[in-house]
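These notes concern the structure reproduced below.
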Amino acid sequence: MSKAQRLGMRPYVVAHDSWQALSRLFEFRLAGSVVVLVVLAVLVIVPLIFMFLASFRPAGILPTEAGLFTFSPYVQAFTGTGTWPLIRNTLLYAGLGVIFALPLAFGFAFLTERTDMPLRNAMYVLMFIPMSTPIFATALGWVLLLGPRGGTINVYLRQLTGTEAADGPFNIFSLGGLIFVHVLGIVPTMWLFLTAVLRQMDPTLEEAAAASGAGRWQVLRTVTTPLMRPGVAAVAIYFFITGLESLELPLALGPTAGIDLLSTKIFFSLIPTRIWA
């Protein structure tokens, strides 16, 4: 007996009620989407519009005040002697961080998700320890280890080699040291993202390719890599963007090293000079 017969109703009545329920659900979802878009517009788009307008106004004049618009801020920004080194350092920091961290994170993710290596469960716990450590505390720890003069590792190596140098051989207060600490800092979070990518892959596709006679290299090239490419690319783009906007680590090590990134330059330009005097 059909649902319409049990309810004593004609089939077209049940279909009409179902269509009305779907219409109400669609209207609710549409209204929810509109609300979300309005909230995003207020919280994100409106501040960006005001910031864009402010970039064409002289210093000290609000975007809504009467007055002329000028391109002089852009001229000063892109013709200054320190602009391009600033952009270069920022791109190196974000780009090299992803280039060095991605293979490490992917190797750890592959070992934990696709192999039966010992202590796999312990690795899941250990990876969350650096993720929960404050960035400033991590930077201070590396300063104590690799500080050019009093760093523990540097002092030990100078004693071991018998050199009379007052500092070195490693210097955490450099662009290389900044990238090194950045790489170690993003590997655990990148590992967490990549484990999700590997976990969502269907292993039956690889098994089917192997059962069809494909070798390991052919399976990796024709099946595994195409499946992983979108997820890995998304992870790389995400961490490149987070590297561009990173502030805590460049603020902890950059000023002492004399290295400015876009984030620290913007930060110091917004803070009165007398506070840092």
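None of these values were measured; they are calculated from a predicted model.
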If only atom types and distance count, is the side chain of [X] paired as donor or acceptor with the main-chain N or O of [Y] below 3.5 Å?
X: Thr242; Y: Phe239; value: yes
X: Ser263; Y: Ser246; value: yes
X: Asn154; Y: Gly147; value: yes
X: Ser55; Y: Phe52; value: yes

Problem - Residue Leu119 excluded, over 12 heavy atoms near CG under 6.0 Å - result: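 No, the 6.0 Å shell around CG holds no more than 12 heavy atoms from other groups.
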Practice task
Report, as yes or no, whether the 6.0 Å neighbourhood of atom OH on Tyr238 holds more than 12 heavy atoms from other residues, nucleotides or ligands.
Solution key: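 Atom OH in Tyr238 is not crowded, with 12 or fewer foreign heavy atoms closer than 6.0 Å.
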Hydrophobic clusters here meaning ILVMFWY residues chained together by side-chain heavy-atom distances under 4.5 Å, can you tell me if [X] and [Y] are in one?
X: Phe50; Y: Phe56; result: no
X: Met127; Y: Leu111; result: yes
X: Leu144; Y: Ile153; result: no
X: Met131; Y: Leu184; result: yes
X: Tyr93; Y: Ile241; result: no

Practice task
For side chain to side chain contact (heavy atoms under 4.5 Å, CB included), just list the numbers for Thr90 and Leu244, CA-CA rounded to whole Å, side-chain angles, deciding distance to a tenth of an Å, and then say yes or no.
Solution key: CA-CA 6 Å; Thr90 304; Leu244 293 177; 3.7 Å; yes
Problem - Under 4.5 Å side-chain linkage, directly or through intermediates, the cluster mates of Leu86 - result: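 So far as hydrophobic clustering goes, Leu86 is joined with Leu262.
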Do [X] and [Y] touch side chain to side chain, with heavy atoms closer than 4.5 Å?
X: Phe268; Y: Pro255; value: yes
X: Phe100; Y: Val187; value: no
X: Ile179; Y: Val183; value: yes
X: Ile135; Y: Val181; value: no
X: Thr264; Y: Leu247; value: yes
X: Thr112; Y: Met117; value: yes

Measure the spacing between [atom1] of [X] and [atom2] of [Y] and express it to the nearest 0.5 Å.
X: Glu248; Y: Phe267; atom1: CD; atom2: CZ; value: 10.0 Å
X: Leu261; Y: Ile87; atom1: CG; atom2: CD1; value: 12.0 Å
X: Ile172; Y: Thr256; atom1: CD1; atom2: OG1; value: 11.5 Å
X: Leu43; Y: Leu48; atom1: CG; atom2: CG; value: 11.0 Å
X: Ile186; Y: Phe193; atom1: CD1; atom2: CZ; value: 11.0 Å

Practice task
Run the numbers on Leu192 and Phe128 for side chain to side chain contact (heavy atoms under 4.5 Å, CB included), then give the verdict.
Solution key: CA-CA 9 Å; Leu192 185 63; Phe128 283 94; 3.9 Å; yes
Exercise for the section: For Leu253 and Val143, run side chain to side chain contact (heavy atoms under 4.5 Å, CB included): C-alpha distance rounded to whole Å, both residues' side-chain angles, the deciding distance at 0.1 Å, then the answer. Expected result: CA-CA 9 Å; Leu253 300 178; Val143 169; 3.6 Å; yes
Minimum heavy-atom distance [X]-[Y], with the two atoms named:
X: Arg158; Y: Arg149; result: NH2-O, 2.7 Å
X: Gly185; Y: Pro188; result: O-CD, 3.6 Å
X: Gly243; Y: Ala94; result: C-CB, 3.8 Å
X: Leu102; Y: Ala236; result: CD2-CB, 4.3 Å
X: Val46; Y: Val42; result: CB-O, 3.7 Å

Practice task
Decide side chain to side chain contact (heavy atoms under 4.5 Å, CB included) for Ile99 and Leu96; before the verdict, give the C-alpha distance in whole Å, the side-chain angles of both, and the deciding distance to 0.1 Å.
Solution key: CA-CA 5 Å; Ile99 291 174; Leu96 292 180; 4.2 Å; yes
Problem - Identified side-chain contact (heavy atoms from CB on, under 4.5 Å) counterpart of Phe110 within the set Thr195, Leu194, Thr115 - result: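 In the set Thr195, Leu194, Thr115, the residue that makes a side-chain contact (heavy atoms from CB on, under 4.5 Å) with Phe110 is Thr115.
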Handout entry: Sequence neighbours excluded - ring-ring contact (aromatic ring centres under 6.0 Å, His included) pairs with any residue from residues 130-174
Key =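 Qualifying pairs, neighbours excluded: Trp142-Phe180.
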